[in-house]
Structure formats: structure tokens, C-alpha cells
Amino acid sequence: KVERNWAEDTRRAIITVLDELFYSDFETPYYNEGFSNSDITLSQDTKTGSAKVVASKANALFRRNWSTELGIVPPYSMQMKYKPNKVSANTDYLGFRIAFLAEEGLQKRLDDVNFYVYPKTGEYKVVANYLDNATGSTTSLVAETGQNDIFKTMGVWSYVSVSINESKQFIVYFDGTEILKSSILNNFTESSFLIQGSSLVLSANKTEVLVDDWTILDNGEICTAVARNR
């Protein structure tokens, strides 16, 4: 109760407690809270209130990392709503990435696993990047390549989710439909799969994407690329 001019006002608020590791709808003034960026210009889109992410160099990252003390491991799930506004070439892609903490002494040090989509052609693939200690070079392992017109998303809002379940399967949903379930992480049996964070990857300079409803779960639930009730 609040007293005002010798009268009482009663105000009530409903607080929803969410079992989510992270959520942002990029509202004012917190649209950039908790994110770190590499070669990204970030602003709030005036029409939609979503985050406007523009690459200033190739392989730009819009990312959310976690403290190492949290010790986050799979199951782990990330989803977001996105809209590609500017993509220059058919070969330009967007990547939805789960990144891992570096572990020393492994033959193959896993860096990240990604779902790449090409908004102009509908092509897609799953890619794991790792350091090969035998050669000292970073190597990309490619799996589950294909093409589907549903990924031709220029100027269109879509939901996508990427997840790792308890069995270390990498799972992708798109607008409520399961697209693939990959065993690519079986190639890294030495890894502890300690998760560093999640990122949106923009492969080419000047790529512009709107992002909204970024959700991350570590409670065992696998996101299915649909709006969540909160």
C-alpha cells in the first residue's frame, strides 16, 4: 500500500519465475545487456524493438558467454527469432553457434558446433570447428548438408533453435519442426563439453539481421523453435 495525500493506493504486480538460464527480448534500455560482440554494430531497431545486428567484418559474432564457475554442460538449448534484412551473396551464411571452453591436452580440442543457413539459397549444414593438436591447425568437420526452401528467409521472421541433448546429439528445430538430429559430436569423445556460450555468426561484412526472443535453457528441455509462454 502507498499513502498519497492521506489516501491509500493498493498496487499489485504478478511476477513470473522462469526456469531459463537466459532470456532477452531486447527491450529499452536493456537491449544490449549481457552480450559481447566481435566486429558487430549493435543498435535497437526503432520499428520492432528488436536488436539490429550489423557485421563490420567477415565472421562477426553477436554472443552471450557464461562464467566458467557455472560449469554448464549439456543438455543445453538455445533459440531465437531472426530476420535477415541484408545478405549480399548466395555464399553468405548465418550461424547459430554453441561454443565450448578450451580444454588442454586433447588430441582434438572442440571449439564450437554450428548450424549454418544460407538465407538466399536455402542451403544448410552442421559444422564443428576444432583445433587438431597433431597439426596445430584449426579444422572444420562438416555434416548434415542439404537444401530446403524454408531457409530462404530474406525479410522474413523465423524461429530457430540449436540444442545438445543428454546423448550429445546436436538438434535443430525451425519454426516448430525438427529439421535434423546430428551425431557430429561423437567425433570428440575426449571432450567434457563444457559450454562457454552461444552466438549468432554473420559470415560476411555488412550483413544485417534483426534478432528477438533469445532464449537459453540448461534444465534439460529442448527448445522447439516456437514462441514460449511466459
Side-chain angles (χ1 to χ4, degrees), residues 19-22 34-36 38 58-80 93-118 123-148 151 159-174 176-203 214-225:
D19 190 13
E20 299 176 337
L21 179 62
F22 177 78
F35 290 90
S36 60
S38 298
N59 297 315
L61 294 176
F62 180 43
R63 62 190 176 198
R64 182 63 166 86
N65 287 339
W66 312 114
S67 168
T68 56
E69 285 76 16
L70 291 177
I72 297 172
V73 295
Y76 181 88
S77 192
M78 172 188 78
Q79 81 171 23
M80 68 181 72
Y93 62 81
L94 308 178
F96 304 95
R97 169 174 294 176
I98 298 174
F100 302 94
L101 290 167
E103 294 184 82
E104 301 303 323
L106 305 185
Q107 184 176 349
K108 294 187 292 186
R109 190 196 72 195
L110 180 61
D111 292 329
D112 50 65
V113 61
N114 309 262
F115 180 60
Y116 290 163
V117 292
Y118 297 74
E123 294 175 86
Y124 65 89
K125 58 186 174 183
V126 174
V127 179
N129 297 303
Y130 65 96
L131 176 67
D132 188 335
N133 279 320
T135 63
S137 62
T138 299
T139 303
S140 295
L141 178 63
V142 180
E144 331 310 335
T145 60
Q147 191 280 337
N148 192 323
F151 297 127
Y159 271 100
V160 65
S161 69
V162 294
S163 309
I164 303 171
N165 66 11
E166 289 182 351
S167 301
K168 309 304 186 291
Q169 293 172 306
F170 183 69
I171 304 167
V172 176
Y173 277 81
F174 188 85
T177 299
E178 184 179 306
I179 301 299
L180 61 87
K181 189 176 287 183
S182 175
S183 298
I184 191 170
L185 295 179
N186 287 349
N187 294 278
F188 304 95
T189 55
E190 291 182 290
S191 179
S192 299
F193 300 104
L194 288 166
I195 293 172
Q196 180 187 57
S198 298
S199 306
L200 171 67
V201 184
L202 282 61
S203 72
W214 188 316
T215 302
I216 298 176
L217 306 177
D218 66 342
N219 62 358
E221 181 183 351
I222 301 300
C223 293
T224 57

Working to the nearest 0.5 Å, report the span between CG of L217 and OG of S77. 5.5 Å

Give, for atom CG of D218 and atom CD1 of I164, the distance between the pair rounded to the nearest 0.5 Å. 12.5 Å

Which atoms form the tightest heavy-atom contact between S191 and L106, and what is the distance? CA-CD1, 4.1 Å

Locate the shortest heavy-atom distance separating Y76 from L21; write the atom from each residue and the value. CE1-CD2, 4.2 Å

Between D111, V113, L61, V127, which is the residue that forms a side chain to side chain contact (heavy atoms under 4.5 Å, CB included) with R97? L61

Kindly say whether N187 contributes a backbone atom to a donor-acceptor pair with the side chain of K108 at under 3.5 angstrom? yes

Separation between CG of D112 and CD of Q196, rounded to the nearest 0.5 Å: 9.0 Å

On a heavy-atom basis, which atom in P75 and which in G220 lie closest, and how many Å separate them? CG-CA, 3.6 Å

Nearest heavy-atom pair of T224 and Q79: which atoms, and what distance? N-OE1, 3.7 Å

For Y116 and F96, run side chain to side chain contact (heavy atoms under 4.5 Å, CB included): C-alpha distance rounded to whole Å, both residues' side-chain angles, the deciding distance at 0.1 Å, then the answer. CA-CA 7 Å; Y116 290 163; F96 304 95; over 6 Å; no

Within a strict 4.5 Å, meaning less than it, do heavy atoms of the F193 and K168 side chains meet? yes

Using every non-hydrogen atom in the two residues, find where Y124 and E144 come nearest and quote the distance to one decimal. CE1-O, 3.2 Å

Side-chain contact test, heavy atoms from C-beta onward, threshold under 4.5 Å: evaluate it for L101 versus T68 and give yes or no. yes

Evaluation steps, side chain to side chain donor-acceptor pair (under 3.5 Å), between R63 and S38: CA-CA 8 Å; R63 62 190 176 198; S38 298; 3.2 Å; yes

For ring-ring contact (aromatic ring centres under 6.0 Å, His included), just list the numbers for F151 and F174, CA-CA rounded to whole Å, side-chain angles, deciding distance to a tenth of an Å, and then say yes or no. CA-CA 9 Å; F151 297 127; F174 188 85; 4.8 Å; yes

Quick one: does R64's side chain have a donor or acceptor within less than 3.5 Å of a partner on G34's backbone? yes

Between CD1 of I195 and CG of N65, what distance do you get to the nearest 0.5 Å? 11.5 Å

Quick one: do W214 and M78 satisfy side chain to side chain contact (heavy atoms under 4.5 Å, CB included)? Show the steps, please. CA-CA 7 Å; W214 188 316; M78 172 188 78; 3.8 Å; yes

Does CD belonging to Q107 count more than 12 external heavy atoms closer than 6.0 Å? no

Using the six-membered ring wherever Trp is involved, compare the ring planes of F35 and F62 and label them parallel, tilted or perpendicular (cut-offs 30° and 60°). parallel

Is the shortest heavy-atom distance from the side chain of I184 to the side chain of L141 under 4.5 Å? yes

Mind listing the closest non-hydrogen atom pair of S137 and T135 along with its distance? OG-OG1, 2.8 Å

Atom pair CD1 (I222) and CG (N165), whose distance is rounded to the nearest 0.5 Å: 5.5 Å

Side chain to side chain contact (heavy atoms under 4.5 Å, CB included) between Y93 and E123, worked out: CA-CA 9 Å; Y93 62 81; E123 294 175 86; over 6 Å; no

Measuring from N59:CG to S203:OG, what's the distance to the nearest 0.5 Å? 6.5 Å

Would the distance check show the side chain of S67 and the main-chain N or O of E69 forming a donor-acceptor pair, the cut-off being under 3.5 Å? yes

Hey, mind stepping through F100 and L194 against side chain to side chain contact (heavy atoms under 4.5 Å, CB included) and telling me if it holds? CA-CA 6 Å; F100 302 94; L194 288 166; over 6 Å; no

Taking the side chain as every heavy atom from C-beta outward, state whether M80 and T215 have any pair of such atoms under 4.5 Å apart. no

Heavy-atom distance under 4.5 Å between the side chains of I98 and V162, does that happen here? yes

Taking side chain as C-beta onward, heavy atoms only, is V201 less than 4.5 Å from L94? no

Is there a side chain to side chain donor-acceptor pair (under 3.5 Å) between Q169 and S167? Walk through the geometry before answering. CA-CA 6 Å; Q169 293 172 306; S167 301; 4.7 Å; no

